[in-house]
Novice: 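The structure follows.
Throughout, numbering of the chain's residues begins at 1 and tracks the sequence.
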Amino acid sequence: RPGLEIRGVTKSYANGYKALHGVDVHIPDRRLTTLLGPSGCGKTTLLRLVAGLDTPDEGQLIFHGEDVTSKSAEQRDLSLVFQSYALFPYQSVEENVCYGLRMQGLSAASQRERCAQALVLVGLQGLEDRMPHELSGGQQQRTALARALALQPRILLLDEPLSNLDSNLRRHIREDIRSLQQRLDLTVLYVTHDHAEAMSVSDRVVVMQEGRIAQIGSPRDLYERP
Ligand code: ADP
Ligand code: ADP
C-alpha cells in the first residue's frame, strides 16, 4: 500500500510516561496531512518516530510498502523542518541550504544548482550569501524550508513551522507551503496545535488526543461532524 502507514505504535519515555497508546494511521501520498491536537498530546513524539529520530516501543512504520521501523533517519527519504528554524548561525544561507547535500557527497556545482532552485521555490533567490542574522524571521523559516526541499525528499515533515512568526507572515508562508506541496506533488505531514491553520491548509486532518488518534477526515468532514 502506498503512502506512509503507522501501525500500532506506542512510546513511553524514560520516566515511565506513556506518550503514545497504540497509534494507527495512514498518511496518503502527495497530500498534505496535518496532525492536530493540544500541546502535550503526542504530536512531536509521533513525528520524531516517523522521522527516525527515536524508535517506537511497539508497532511498525511502513513507507511505500517497506518496513522502515529499524532504518535510520537518513535511510527514510524525508526532510524535517522544526519549529525553531535551527539554521547554523555562522554559515551563509547557501551553506545552510547545502548542508544535507554536502552530507550526501554531491559535487559543489550540483549543490549550488540545487540550492539556487530551492531558494527560488521559497522566494529567496539571490540571498545565497546572507548570514542568518541578516534575515527576517520569515526569511529564516523559508531558508529552513529551502534546506529541506533541496534534498528533494519523498516526504516532508513540518513541526509547527509557523509558530515563531506573526500572524500575517503565518498566513503567507502557510499559503506558500500549500502551493509548493501541490506544485511539487509532495507528501507532507504538518504538525500544529492551531485548529484554523489545520483546517485551511490540509487535505486530511488527523486529530490527536492524549496519545491516541481521536478523529481522521478532510477539513470538511471535521466541520460537518464535529
Ligand atoms: P513543544 O513546544 O513542542 O510542546 P515541549 O516544551 O513540549 O515543546 O518540548 C520541548 C522538548 O522537551 C522536547 O524535546 C521534548 O521531548 C522535551 N520534553 C517535553 N516534555 C518533557 C518532559 N516532561 N520531560 C522531559 N522532556 C520533555
Ligand atoms: P506535543 O508535540 O503534542 O505537544 P509531545 O509529543 O511533545 O506533545 O509530548 C507528549 C507528552 O510526552 C507530553 O506530556 C510531554 O510532556 C511528554 N514528553 C515529551 N518528551 C518527553 C521526554 N523526553 N520525557 C518525558 N516526557 C516527555
Side-chain angles (χ1 to χ4, degrees), residues 1-29 31-73 75-84 86 148 153-164 170 174 177 181 187-226:
R1 194 175 177 197
L4 202 161
E5 286 198 73
I6 299 168
R7 289 195 194 148
V9 164
T10 66
K11 180 69 187 177
S12 295
Y13 284 106
N15 63 0
Y17 183 80
K18 192 161 184 178
L20 298 176
H21 299 257
V23 169
D24 285 288
V25 60
H26 175 245
I27 311 293
D29 273 327
R31 296 282 183 273
L32 195 157
T33 300
T34 44
L35 210 50
L36 171 69
S39 180
C41 73
K43 305 180 298 295
T44 297
T45 301
L46 186 58
L47 200 74
R48 288 176 55 83
L49 296 178
V50 169
L53 300 176
D54 213 344
T55 48
D57 299 333
E58 301 170 283
Q60 279 111 41
L61 297 158
I62 316 283
F63 291 6
H64 314 105
E66 182 191 7
D67 190 334
V68 300
T69 316
S70 55
K71 294 207 163 181
S72 70
Q75 292 171 312
R76 294 189 183 191
D77 200 7
L78 50 78
S79 292
L80 178 59
V81 179
F82 293 102
Q83 71 177 252
S84 52
R154 198 147 175 195
I155 304 168
L156 183 62
L157 306 177
L158 304 171
D159 190 359
E160 304 260 4
L162 310 178
S163 58
N164 292 323
R170 278 233 282 269
R174 185 175 75 210
I177 288 172
Q181 182 269 326
T187 303
V188 177
L189 184 56
Y190 185 111
V191 166
T192 181
H193 63 269
D194 185 325
H195 189 266
E197 192 168 299
M199 293 302 159
S200 70
V201 84
S202 9
D203 296 303
R204 195 174 160 84
V205 183
V206 175
V207 183
M208 285 186 74
Q209 214 168 10
E210 297 177 358
R212 293 187 169 84
I213 305 296
Q215 252 184 326
I216 302 178
S218 66
R220 173 175 292 183
D221 291 340
L222 297 186
Y223 268 129
E224 288 173 357
R225 302 185 267 105

Novice: To check you understand the geometry: which heavy-atom pair defines the closest contact between A148 and P153, and what is its length?
Specialist: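 Distance-wise, the nearest heavy atoms are O-CD, 3.4 Å.
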Novice: Main chain of P2, side chain of H26: is a donor-acceptor contact present, judged purely on distance under 3.5 Å?
Specialist: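 Confirmed, H26 side chain pairs with P2 backbone.
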Novice: Does D77 have any side-chain hydrogen bond (donor to acceptor under 3.5 Å, both in side chains) partners at least two apart in sequence or in another chain, and if so, which?
Specialist: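 Residues passing side-chain hydrogen bond (donor to acceptor under 3.5 Å, both in side chains) with D77: none at all.
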Novice: Which value, rounded to the nearest 0.5 Å, describes the distance between I213 atom CD1 and D24 atom CG?
Specialist: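 Answer rounded to 0.5 Å: 8.0 Å.
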Novice: Heavy-atom count around Q75 CD within 6.0 Å, excluding the residue itself: above 12?
Specialist: yes
Novice: OG of S163 to CZ of R170: how many Å apart, nearest 0.5 Å?
Specialist: 7.5 Å
Novice: One pair to check against side-chain contact (heavy atoms from CB on, under 4.5 Å): I6 and L61. What are the steps and the verdict?
Specialist: CA-CA 5 Å; I6 299 168; L61 297 158; 3.8 Å; yes
Novice: Give every donor-acceptor pair under 3.5 Å between a side-chain atom in residues 49-59 and any protein atom, sequence neighbours left out.
Specialist:
unit_1 : atom_1 : unit_2 : atom_2 : d
D54    : OD1    : K11    : NZ     : 3.4
D57    : OD2    : S12    : N      : 2.6
E58    : OE1    : T10    : OG1    : 2.8

Novice: Under 3.5 Å, which donor-acceptor pairs do the side chains of residues 199-208 form with other protein atoms, sequence neighbours left out?
Specialist:
unit_1 : atom_1 : unit_2 : atom_2 : d
S200   : OG     : R174   : NE     : 3.1
S200   : OG     : A196   : O      : 3.4
S200   : OG     : E197   : O      : 3.1
S202   : OG     : T34    : OG1    : 3.0
S202   : OG     : A198   : O      : 2.3
D203   : OD1    : R178   : NH2    : 2.9
D203   : OD2    : L32    : N      : 2.7
D203   : OD2    : R178   : NH1    : 3.1

Novice: Please evaluate residues T69 and D67 with respect to the criterion side chain to side chain donor-acceptor pair (under 3.5 Å), reporting the C-alpha separation (whole Å), side-chain torsions for both, the decisive distance (0.1 Å), and the verdict.
Specialist: CA-CA 6 Å; T69 316; D67 190 334; 2.5 Å; yes
Novice: Might you point out which heavy atoms bring L158 and V188 nearest each other, and give the distance in Å?
Specialist: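 Scanning both residues, the minimum pair turns out to be CD1-CG1, 3.9 Å.
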Novice: If you round to the nearest 0.5 Å, how far is NE2 of H21 from CD of Q209?
Specialist: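 That separation rounds to 11.5 Å.
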Novice: Say you draw a straight line from CD1 of I27 to CZ of F63; how long is it, rounded to the nearest 0.5 Å?
Specialist: 9.5 Å
Novice: Given side chains that start at C-beta, do those of R154 and T187 come closer than 4.5 Å, heavy atoms only?
Specialist: no
Novice: Distance from D159 atom CG to L47 atom CG, nearest 0.5 Å?
Specialist: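 So the gap between those two atoms works out to 5.5 Å.
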Novice: How far does CG of L20 sit from CZ of R48, to the nearest 0.5 angstrom?
Specialist: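 Between L20 CG and R48 CZ, I get 12.0 Å after rounding to 0.5 Å.
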Novice: Using modelled atom types and a 3.5 Å cut-off, is there a donor and acceptor pairing between side-chain atoms of K43 and backbone atoms of P38?
Specialist: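 Answer holds: yes.
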